[in-house]
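To keep things clear, I will list the structure first and then write my remarks on it.
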Amino acid sequence: MTPSPVADRESLAALAVQSSPAGLLSVALGAVGCCPDPWQQTALASTSRRVVIVAARQVGKGSVAAARALHLAAFTPEALVLIVSATERQARIVLQRIRGMLPYVGTAAAGAEDTQTEVRFRNGSRIIVLPASSTSLRGWTAHLLLVDEGAYVPRSSWEAVVPTTAATGGAIVCLTSAGSPAGWLYEIVSDEDTYPEWERHLITAWDVPRIDRAFLEGEQRRLPRAVFEREYECKFTGAEDGVFDPVAVAGAFAASPRAHHLDLDLTAVLLGQEETDQ
């Protein structure tokens with residue numbers, strides 16, 4: 001019997017999904033009539049063990065994180081993917097996007113157990129999401145560490161999770177929108193001499209054709225220059241409307257262990273209007 005065109009397409013889609021994270025994203029977006037942006041394909045094709053992605057709002061960095069995490073967990077037995085997000089809300093958003101892609105990994109998702117903070121697969125792999133405020137950042141052995149909105153993750157949280165990949169040689173991928181010109185992620189982005197092992201991707205809103213140019217031009221007129229550059233052009237800018245730089249204030253709180261929870265609360269405020277559909 002000759003296979004039907006539908007069966008052929010489904011077979012090719014399954015092969016694409018298994019082949020790479022980029023293939024998974026292509027199939028998932030194709031199901032809703034879309035396709036990955038070139039930058040997403042490039043970032044997902046990276047084999048570097050250290051990747052930092054600084055991206056404007058609404059350019060699709062959340063989809064890149066979800067595809068990379070899900071592909072490893074679905075097709076690599078006994079893998080642990082650890083995702084640390086700046087806030088608890090952001091952690092839920094990342095896991096929600098991963099759930100949305102589960103149907104596209106086919107039988108690999110069969111029997112997956114899904115909780116508020118974890119997806120556990122039959123092959124023994126797990127995807128665990130934690131907010132940076134969690135007291136449980138230490139003690140994991142991860143095959144992939146994803147740090148979401150790293151510009152807003154306190155240095156203490158970053159230092160706690162980096163060793164999770166020491167024994168596995170797992171990759172560390174940091175994805176973020178721009179913040180203030182301070183902090184551990186800004187140092188990685190801006191200091192290539194100290195951090196030569198990091199592969200850097202910078203994606204402005206102007207780089208993504210599906211973002212309306214008229215909208216960007218309107219935002220450029222409406223917003224203070226520093227705000228527009230930070231939100232849409234990936235520039236790490238300081239305070240523009242107030243006396244104090246919010247990340248500098250957060251850093252001052254972070255210096256005191258007793259005030260650590262205040263640092264994290266401030267981070268949550270800074271990210272309070274972060275989009276849910278990256």
Side-chain angles (χ1 to χ4, degrees), residues 39-40 42-57 59 61 64-65 68-69 81-87 90 130-134 137-204 207 226 229-240 244-257 260 263-264 266-267 270-271:
W39 84 263
Q40 292 175 309
T42 299
L44 286 172
S46 173
T47 58
S48 174
R49 292 182 54 239
R50 298 290 183 271
V51 179
V52 59
I53 298 171
V54 182
R57 303 284 290 273
V59 303
K61 61 183 179 291
V64 167
R68 178 137 189 185
V81 178
L82 186 62
I83 304 176
V84 176
S85 294
T87 67
Q90 201 69 24
L130 296 170
S133 58
S134 174
L137 294 178
R138 297 174 180 271
W140 303 101
T141 300
H143 299 82
L144 171 62
L145 171 63
L146 290 170
V147 182
D148 183 47
E149 287 300 347
Y152 300 92
V153 170
R155 187 182 295 271
S156 58
S157 299
W158 166 246
E159 292 173 349
V161 297
V162 169
T164 61
T165 64
T168 64
I172 300 177
V173 180
C174 299
L175 307 97
T176 192
S177 49
S180 292
W184 64 268
L185 187 131
Y186 175 73
E187 293 168 4
I188 291 173
V189 171
S190 61
D191 190 348
E192 295 186 27
D193 291 334
T194 303
Y195 303 97
E197 71 277 18
W198 284 83
E199 178 181 297
R200 297 163 176 82
H201 298 259
L202 188 148
I203 307 93
T204 74
D207 297 326
E229 290 179 344
R230 183 174 63 241
E231 299 296 335
Y232 297 107
E233 294 184 337
C234 304
K235 294 182 181 179
F236 287 75
T237 58
E240 61 286 328
F244 300 108
D245 184 319
V247 172
V249 174
F253 277 120
S256 169
H260 182 58
D263 172 26
L264 296 168
L266 179 57
T267 300
L270 294 172
L271 280 176

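Using modelled atom types and a 3.5 Å distance limit, the side chains of Glu229 and Thr237 yield no donor-acceptor pair.
With hydrogens and angles disregarded, a donor-acceptor distance shorter than 3.5 Å links the side chain of Thr176 to the backbone of Ala151. A donor-acceptor distance shorter than 3.5 angstrom exists from the side chain of Thr168 to the backbone of Ala142, with no hydrogens or angles considered. Judged by distance alone, with hydrogens and angles left aside, the side-chain atoms of Trp39 form no donor-acceptor pair with the main-chain N or O of Ala55 at under 3.5 Å.
Listed here is the closest heavy atom pair of Leu137 and Thr164: O-CG2, 4.1 Å. The two residues Ser48 and Ala171 have their closest heavy-atom pair at O-CB, 4.2 Å. Considering all non-hydrogen atoms of both residues, Val59 and Ala56 come closest at CG2-O, 3.2 Å. What you find for Arg200 and Val189 is that their closest heavy atoms are NE-O, 3.3 Å. Heavy-atom minimum distance, Leu144 versus Ala69: CD2-CA, 4.1 Å. Between Leu82 and Trp140, the shortest heavy-atom contact is CD2-CD1, 3.9 Å.
Using a 4.5 Å heavy-atom cutoff, the side chains of Tyr152 and Leu185 are not in contact.
The residue from Glu199, His201, Arg68 that alone fulfils the side-chain contact (heavy atoms from CB on, under 4.5 Å) condition with Val173 is Arg68. For the pairing with Val64, the side-chain contact (heavy atoms from CB on, under 4.5 Å) check across Leu175, Leu146, Thr42 returns one residue only, Leu175.
To the nearest 0.5 Å, the span separating CZ on Arg50 from CG on Leu145 amounts to 8.5 Å. To the nearest 0.5 angstrom, Asp148 atom CG is 8.5 Å from Ser177 atom OG.
Checked against ring pair (Phe, Tyr, Trp, His ring centres under 6.0 Å), Trp158 has the following partners two or more places apart in sequence or in another chain: Trp184.
Salt-bridge check for Glu231 with Arg57: passed, with a basic side-chain N closer than 4.0 Å to an acidic carboxylate O.
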| request: Go through the steps to decide whether Phe236 and Val54 satisfy the test side chain to side chain contact (heavy atoms under 4.5 Å, CB included), and finish with yes or no. | output: CA-CA 10 Å; Phe236 287 75; Val54 182; 4.0 Å; yes
